[in-house]
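Keep in mind the model is a prediction, meaning the values are calculated, not measured. Below, chains carry the letters A, B, ... as their sequence lines are ordered, and counting in each starts from 1.
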There are 2 protein chains.
Amino acid sequence: MATIYQVSEAAGVSLATVSRVMNGNARVSERTRKKVEDAMASLGYQPNAIAQSLASNRTNSVGLLVSELHGSYFGDLMSTVEQILKQNGKHVIITAGHVDEKREHEAIEFLKSRRCDALILHAEAVSDDYLKQLVDGNIPVVVINRKVDDLPDNCFVVDNEQGGYMATQAVINAGHTEIAYISGPLFKKDASDRLAGHKRALKEAGIAFKDDSVFEGDFHESAGQEGMLHFQTHYPNLTALVCANDEMASGAMTAAREAGFDIPSQLSIVGFDNVLLARYLYPKLTTINNPIHAMGEMAAYWVLQHVYNIKSPIPIEHLFVPEMINRDTLGNL
Amino acid sequence: MATIYQVSEAAGVSLATVSRVMNGNARVSERTRKKVEDAMASLGYQPNAIAQSLASNRTNSVGLLVSELHGSYFGDLMSTVEQILKQNGKHVIITAGHVDEKREHEAIEFLKSRRCDALILHAEAVSDDYLKQLVDGNIPVVVINRKVDDLPDNCFVVDNEQGGYMATQAVINAGHTEIAYISGPLFKKDASDRLAGHKRALKEAGIAFKDDSVFEGDFHESAGQEGMLHFQTHYPNLTALVCANDEMASGAMTAAREAGFDIPSQLSIVGFDNVLLARYLYPKLTTINNPIHAMGEMAAYWVLQHVYNIKSPIPIEHLFVPEMINRDTLGNL
DNA sequence: TTTAAATTTGAAAGCGCTTACACAAACCAG
DNA sequence: CTGGTTTGTGTAAGCGCTTTCAAATTTAAA
């Protein structure tokens with residue numbers, strides 16, 4: 001592996017000059033630039049990014065924490081962030097936190113130890129205090145899909161309450177009044193916000209909220225099946241089911257079908273997130289779009305602007321609006 | 001950010017000693033170890049991984065190239081590799097090549113410039129020669145899902161020909177004789193291997209192969225729809241369709257349903273890959289398992305063993321066998 | 001107690017770069 | 001042809017670590 005020293009020797013110039021042509025910034029005459037570039041090419045020189053980072057205190061890499069490396073929600077997020085940053089010559093280091101406080105913490109410390117220039121976090125388990133402390137530290141941080149009080153400028157979130165409201169409102173508008181709800185784990189802010197929106201829609205329509213009409217799931221497919229089973233005995237006359245995410249909706253659909261319900265003629269189902277999966281289900285799932293793509297994009301632009309002084313092509317916004325995606329699982333009563 | 005120098009000062013020892021307790025290897029007396037650890041804790045010291053890498057010429061990170069950051073196939077691969085390496089204190093730097101020669105090449109060069117200790121590549125677009133050259137270079141490389149001649153020890157592949165054979169054989173065993181095939185892009189080795197397997201099964205059963213019975217797709221869902229449409233006019237009496245991957249199978253199912261076919265009573269469909277999606281489809285897709293999880297695992301263990309001298313808990317194997325996954329889209333004739 | 005061997009520590013030389021700072025060369029108006 | 005600018009290049013001091021080598025200390029054996 002050739003080093004800058006060998007290049008400088010081959011080109012007959014000093015280290016500093018080689019470094020200058022590499023970085024393009026400083027002033028180098030055309031003639032020397034050419035000499036150096038030729039030397040680089042003939043040696044197959046490739047700068048050592050590690051050494052560059054150490055010397056410049058810039059790694060040109062941003063850390064991205066997601067909960068899982070699989071799943072279309074995170075796939076979307078990773079793809080978006082990577083694409084935008086790569087376009088601007090920055091790189092992404094991805095780690096997974098697995099919704100576990102210890103592992104998220106370790107992952108973040110890892111990214112810090114790698115001296116990422118900035119952090120984009122989809123952190124679910126770590127405390128608000130820790131995040132605040134992080135933001136106050138010397139590394140720029142943005143948080144996706146989580147609203148931390150006192151950090152309005154670092155958070156990018158979808159209006160979950162509004163999304164929950166819209167889902168239920170759509171069901172009500174289709175004439176339903178016997179509406180069950182499968183929520184996410186309520187200690188999670190997004191899950192409880194969505195449920196709050198559901199309740200608001202019910203209230204606004206003058207439909208009494210019954211405790212029996214909600215089942216607390218865990219956002220996984222199996223919880224959708226369990227929820228559906230639960231309602232068959234505890235809420236047998238339901239005609240519509242709104243689920244706090246698409247995976248649970250999928251599970252509920254499977255269970256409903258096995259129980260002999262036709263969707264949507266006998267049971268309407270609405271999801272949340274508009275994950276890729278939603279289009280593949282049969283019937284195609286009516287759901288609420290969670291603009292994860294837009295949030296990832298915004299987070300990436302925020303970093304470019306705040307850390308690398310590259311102006312964002314779009315204005316930075318922090319609150320994203322959910323959107324109704326009408327497909328085939330919501331029927332009129 | 002505290003440095004090793006400040007720690008050494010606080011602990012009243014030399015840099016070298018601090019480095020020793022950090023790395024755990026060398027011999028340090030209990031008393032000094034304690035002093036140093038206390039100093040580290042009270043300073044909140046966090047080693048600078050960049051500096052460590054530069055000095056030790058070890059980054060403890062392995063580069064992973066995938067085609068895309070989304071999609072359950074790659075999600076699976078990334079998850080598996082990350083999990084195993086993380087368990088052993090190594091980190092993964094993920095990049096995407098987007099099945100484009102230039103971008104794959106850039107991604108690999110990026111990983112090399114970051115001085116990854118090893119590379120795990122799911123490279124589809126880059127040439128065999130380039131890969132050979134890479135392997136001959138000074139960085140350990142393994143290739144997933146691609147068989148490069150002359151590099152038997154660096155490749156981990158599934159027997160695509162056998163998988164293609166099994167899919168078609170299953171269809172034949174169910175009594176079908178009018179069997180169409182939607183292939184992947186035939187310049188890709190895996191696609192042509194699968195098709196070869198399909199032909200072998202046909203031949204073995206004494207069913208003549210008709211050119212009209214295969215449609216070349218691109219592995220994307222839309223190609224499945226197009227293929228189905230194509231066959232409706234060019235091969236109207238087909239009773240079974242085998243697809244070279246699950247996504248195309250999904251597209252074909254949608255198109256078939258829209259054309260009024262009941263699956264599987266009027267049309268049987270078999271996929272390939274056994275991607276997560278296959279379980280969510282309705283009816284659930286009968287398919288061939290592509291052991292991407294096992295291959296990712298093996299690649300990770302190979303790296304641990306060959307690069308970090310950590311013995312693999314399982315014997316290293318290079319050829320993986322596909323497996324039939326019977327679900328609900330293949331019916332008897 | 002003496003001496004050799006084993007163990008623990010520190011000094012210092014890098015790792016491959018960036019980036020002040022200094023200096024030489026080339027330019028330009030007066 | 002001055003003296004002051006500008007421009008181009010080199011020197012050298014780091015960046016925060018690891019690691020060799022030798023010195024200092026402890027331990028064990030005689």
*Ignoring hydrogens and angles, does a donor from either the side chain of Arg115(B) or the base of dG16(C) sit under 3.5 Å from an acceptor on the other?*
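No, the side chain and the base share no sub-3.5 Å donor-acceptor pair.
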Has [X] got a side-chain N or O lying under 4.0 Å from the OP1 or OP2 atom of [N]?
X	N	answer
Tyr45(B)	dC17(D)	yes
Thr3(B)	dG16(D)	no
Ser29(A)	dT9(D)	yes
Asn23(B)	dT18(D)	yes

When you get a sec, tell me which of [options] is the closest nucleotide to the side chain of [X]?
X	options	result
Met22(A)	dT18(D), dA20(C), dC17(C)	dC17(C)
Ile4(A)	dG16(C), dA12(C), dT9(C)	dG16(C)
Thr17(B)	dG16(C), dT9(D), dT9(C)	dT9(C)

Would you mind reading off the distance between [X] atom [atom1] and [N] atom [atom2], rounded to a whole angstrom?
X	N	atom1	atom2	value
Met40(A)	dG16(C)	CE	P	15 Å
Asn57(B)	dT18(D)	CG	P	13 Å
Lys34(A)	dG8(D)	NZ	C1'	19 Å
Met1(B)	dG16(D)	CE	P	11 Å
Asp117(B)	dC15(C)	CG	P	18 Å
Glu30(B)	dT7(C)	CD	P	15 Å
Glu9(B)	dG16(D)	CD	P	14 Å
Arg20(B)	dT18(D)	CZ	P	11 Å

Could you give all pairs that pass the salt bridge (Lys or Arg N to Asp or Glu O under 4.0 Å) test and reach [range], with sequence neighbours left out?
range	answer
residues 134-147 of chain A	Asp128(A)-Arg146(A)
residues 293-311 of chain A	none
residues 38-56 of chain A	Lys34(A)-Asp38(A)

*Would you mind checking if Glu30(A) and Arg33(A) are paired as a salt bridge, meaning a charged N to carboxylate O distance below 4.0 Å?*
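So Arg33(A) pairs with Glu30(A) through a salt bridge.
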*Do Lys112(A) and Glu109(A) meet the salt-bridge criterion of a basic N to acidic O distance under 4.0 Å?*
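A salt bridge links Glu109(A) with Lys112(A).
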*For Ser19(B) and Leu15(B), indicate whether the former's side chain and the latter's backbone hold a donor-acceptor pair under 3.5 Å.*
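No; judged by distance alone, with no hydrogens or angles, the pair does not exist.
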Solution key, residues 299-307 of chain B side-chain donor-acceptor pairs under 3.5 Å, sequence neighbours excluded:
| residue | atom | partner | partner atom | Å |
| --- | --- | --- | --- | --- |
| Trp302(B) | NE1 | Asp153(B) | O | 3.4 |
| Gln305(B) | OE1 | Ser312(B) | N | 2.8 |
| His306(B) | ND1 | Trp302(B) | O | 3.0 |

Would you give me the side-chain donor-acceptor pairs under 3.5 Å for residues 67-81 of chain A, sequence neighbours excluded?
| residue | atom | partner | partner atom | Å |
| --- | --- | --- | --- | --- |
| Ser67(A) | OG | Glu124(A) | OE2 | 2.6 |
| Glu68(A) | OE1 | His98(A) | ND1 | 3.0 |
| Glu68(A) | OE2 | His98(A) | ND1 | 3.4 |
| His70(A) | ND1 | Ser79(B) | OG | 2.7 |
| Tyr73(A) | OH | Asn145(A) | ND2 | 3.1 |
| Ser79(A) | OG | Gly75(A) | O | 3.3 |
| Ser79(A) | OG | His70(B) | ND1 | 2.7 |
| Thr80(A) | OG1 | Asp76(A) | O | 2.7 |
| Thr80(A) | OG1 | His293(A) | ND1 | 2.9 |

_Heavy atoms only, 4.0 Å cut-off, all strands: where does Ser19(A) land among base, sugar-phosphate and nothing?_
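Answer is base: heavy atoms of Ser19(A) come under 4.0 Å of a base.
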*asked:* Heavy atoms only, 4.0 Å cut-off, all strands: where does Val18(A) land among base, sugar-phosphate and nothing?
replied: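 Touches nothing.
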*Contacts of type ring pair (Phe, Tyr, Trp, His ring centres under 6.0 Å), residue Tyr5(A), not counting sequence neighbours*: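 For Tyr5(A) there are no ring pair (Phe, Tyr, Trp, His ring centres under 6.0 Å) partners, ignoring immediate neighbours.
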*Not counting sequence neighbours, which residues clear ring pair (Phe, Tyr, Trp, His ring centres under 6.0 Å) with Tyr308(A)? List them please.*
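Tyr308(A) satisfies ring pair (Phe, Tyr, Trp, His ring centres under 6.0 Å) with no residue once adjacent residues are dropped.
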*asked:* Assuming nearest nucleotide by heavy-atom distance, tell me which of Ala2(A) and Leu15(B) is located more 5' along DNA chain C.
replied: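 Its nearest nucleotide being more 5', the pick is Leu15(B).
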*Specify the residues of residues 46-56 of chain A, ordered by number, for which at least one heavy atom lies under 4.0 angstrom from an atom of DNA chain D.*
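Heavy-atom cutoff 4.0 Å gives Leu54(A), Ala55(A).
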_What's the angle between the local helix axes at either end of the helix from dT1(C)-dA30(D) to dG30(C)-dC1(D), using five pairs per end and rounding to 10 degrees?_
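Taking the rotation axis at each end, their angle is 30°.
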